[in-house]
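Quick notes on the structure that follows.
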Amino acid sequence: MRLLIIEDEPDLLKILARSMREEGFAVDMADNGPDGLHKAKTCNYDTIILDWMLPGMSGIDLLEELRREKKTPVLLLTARDTIRDRVTGLDRGADDYLVKPFNTSELLARIRALIRRTTQHATNQIELENLLIDLGTKRVWVDKEEIPMTAREFAILELLALNRGQLVSRTMIYEHIFDENDDSLSNIVDVHVSHIRKKLGQDRIETRRGLGYIFHA
């Protein structure tokens, strides 16, 4: 899954990006309002982590502008901690609100909850016949035997499983799994899908040539 972090404090931005990447997320970053709004409008992010106080445009103004075009889940991460601030943030379009200083584990849990809500999954687990995928721990079992997955393999499997039965295009995979620094012209998606097939079974993922993939339950 792909996140956008919009935060003007350089050290915190780096810490957040590193923490999210360690959890297997693809991460894009912006350190001011106008750049953040441009990226938020241009790409289809799974969640946006947004600071309130930003140079060039406040987080609240950015949020209002974004909501005219997109429903991307947005978590406000800010030092503004009054009840009035929380109410304003949520009423102006935020999906969640977390006050600084914060616990990284709580932030990750809130991000997972936002993604579950967007994909209409009530829990962190996807169970399909003999396959069990735990989105929280990022672990996979087949016939109760744990299957090792790289972070990128798991991210692609998660996206396919959340959209099982539907065609997932290569463009969609690049938009949700790879960040702005990755090479979108390579055949890396096909390589990763091939590895996943070897681990889960060849019939689990169907290739539609020139279109993308369908994950079968």
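The shortest non-hydrogen separation linking Ile60 to Gly89 is CD1-CA, 3.9 Å. Closest heavy-atom contact between Ala94 and Leu76: CB-CD1, 3.8 Å. The minimum heavy-atom distance linking Thr150 with Lys199 is given by the pair N-NZ, 4.3 Å. The heavy-atom pair separating Ile126 from Ala161 by the smallest distance is CD1-CB, 4.0 Å. When every heavy atom of Gly36 is checked against every heavy atom of Ile6, the shortest pair comes out as CA-CD1, 3.7 Å. The nearest pair of heavy atoms linking Ala30 to Asp35 is CB-C, 4.1 Å.
In this structure the side chain of Tyr97 reaches within 4.5 angstrom of the side chain of Thr78, judged on heavy atoms. Inter-residue side-chain proximity for Gln125 and Leu132 is flagged as met; some heavy-atom pair is nearer than 4.5 Å. In this structure the side chain of Ile48 reaches within 4.5 angstrom of the side chain of Val74, judged on heavy atoms. Side-chain contact between Ile133 and Phe154: present, with at least one pair of heavy atoms (C-beta onward) separated by less than 4.5 Å. For the pair Ser194/Lys198, a side-chain contact is recorded, criterion being any heavy-atom separation below 4.5 Å from C-beta on. Counting only heavy atoms from C-beta outward, the side chains of Ile173 and Val168 approach each other to under 4.5 Å.
With values rounded to the nearest 0.5 angstrom, Leu3 atom CG is found 11.5 Å from His176 atom NE2. To the nearest 0.5 angstrom, Asp96 atom CG is 12.5 Å from Leu50 atom CG. For the atom pair Arg110 CZ and Asp95 CG, the distance stands at 12.0 Å (nearest 0.5 Å). Taking CG from Leu75 and CG from Asp51, the interatomic distance works out to 11.5 Å, rounded to the nearest 0.5 Å. Considering CE of Met149 and CG of Leu157, their distance stands at 5.0 Å, rounded to 0.5 Å. In this structure, Leu108 CG and Ser19 OG are separated by 7.0 Å, a value rounded to the nearest 0.5 Å.
A salt bridge does not link Arg67 with Glu65: every distance from a Lys NZ or Arg NE/NH1/NH2 to an Asp or Glu carboxylate oxygen is 4.0 Å or more. Between Glu23 and Lys138 there is no salt bridge, since no side-chain nitrogen of the basic residue lies less than 4.0 Å from a carboxylate oxygen of the acidic one. A salt bridge does not link Arg2 to Asp46: none of the charged side-chain nitrogens sits closer than 4.0 Å to a carboxylate oxygen. Using a 4.0 Å cut-off between charged nitrogen and carboxylate oxygen, Asp81 and Arg86 do not count as a salt-bridge pair. Looking at Lys100 and Glu7, a side-chain N of the basic residue comes within less than 4.0 Å of a carboxylate O on the acidic one, giving a salt bridge.
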Chi angles and distances behind the side-chain contact (heavy atoms from CB on, under 4.5 Å) call for Ile147, Trp141:
CA-CA 5 Å; Ile147 306 299; Trp141 293 265; 6.0 Å; no
> Is there a salt bridge (Lys or Arg N to Asp or Glu O under 4.0 Å) between Glu64 and Arg68 once you walk through the steps?
Replying inline: CA-CA 7 Å; Glu64 285 194 323; Arg68 294 188 179 100; 5.3 Å; no
- Task: Start with the C-alpha distance between Leu128 and Phe215, add both sets of side-chain angles, then the distance that settles side-chain contact (heavy atoms from CB on, under 4.5 Å), and finish with yes or no.
- Result: CA-CA 11 Å; Leu128 306 168; Phe215 188 89; 3.4 Å; yes
- Let me see the working for Arg84 and Arg80 under side-chain contact (heavy atoms from CB on, under 4.5 Å), right down to the final yes or no. CA-CA 9 Å; Arg84 178 176 294 180; Arg80 301 184 64 142; over 6 Å; no
Evaluate the side-chain contact (heavy atoms from CB on, under 4.5 Å) criterion for residues Met57 and Leu37: first the C-alpha distance (whole Å), next the side-chain angles of each, then the deciding distance (0.1 Å), finally the verdict. CA-CA 9 Å; Met57 171 186 282; Leu37 179 60; 3.9 Å; yes
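Only one option out of Asp179, Ile115, Ile177 pairs with Phe25 in a side-chain contact (heavy atoms from CB on, under 4.5 Å); it is Ile115. Checked options Asn163, Thr207, Asp190; the residue passing with Tyr213 is Asp190 (criterion: side chain to side chain donor-acceptor pair (under 3.5 Å)). Results of the side chain to side chain donor-acceptor pair (under 3.5 Å) test with His216 over Glu129, Arg204, Glu206, Arg164 single out Glu206 as the only residue that passes. In summary, of the residues considered (Ile111, Leu4, Leu98), a side-chain contact (heavy atoms from CB on, under 4.5 Å) with Ile49 occurs for Ile111 alone.
The hydrophobic clustering, which links ILVMFWY residues whose side-chain heavy atoms are closer than 4.5 Å, places Met29 and Leu66 apart.
Counting only distance, with no hydrogens or angles, the side chain of Lys41 and the backbone of Glu69 share no donor-acceptor pair below 3.5 Å. Using a distance-only test at 3.5 Å, with no hydrogens or angles considered, a donor-acceptor pair links the side chain of Arg197 to the main chain of Ile205. Looking only at distances, no side-chain donor or acceptor of Glu175 sits under 3.5 Å from a matching main-chain atom of Met172. Using a distance-only test at 3.5 Å, with no hydrogens or angles considered, no donor-acceptor pair links the side chain of Asp8 to the main chain of Pro55.
The side-chain tip of Lys71 does not point at the ring of Tyr45 from less than 6.0 angstrom away and within 45° of straight on.
In the model, Lys144 has no side-chain atom that pairs as donor or acceptor with a side-chain atom of Asn130 under 3.5 Å. In the model, Asp85 has no side-chain atom that pairs as donor or acceptor with a side-chain atom of Thr88 under 3.5 Å.
The local environment of CD in Glu145 is sparse, with at most 12 non-hydrogen atoms from other residues, nucleotides or ligands closer than 6.0 Å. Shown here is Asn103, whose CG atom has more than 12 heavy atoms of other residues, nucleotides or ligands within 6.0 Å.
Ring pair Tyr174/Phe178 is tilted by interplanar angle, where 30° to 60° counts as tilted.
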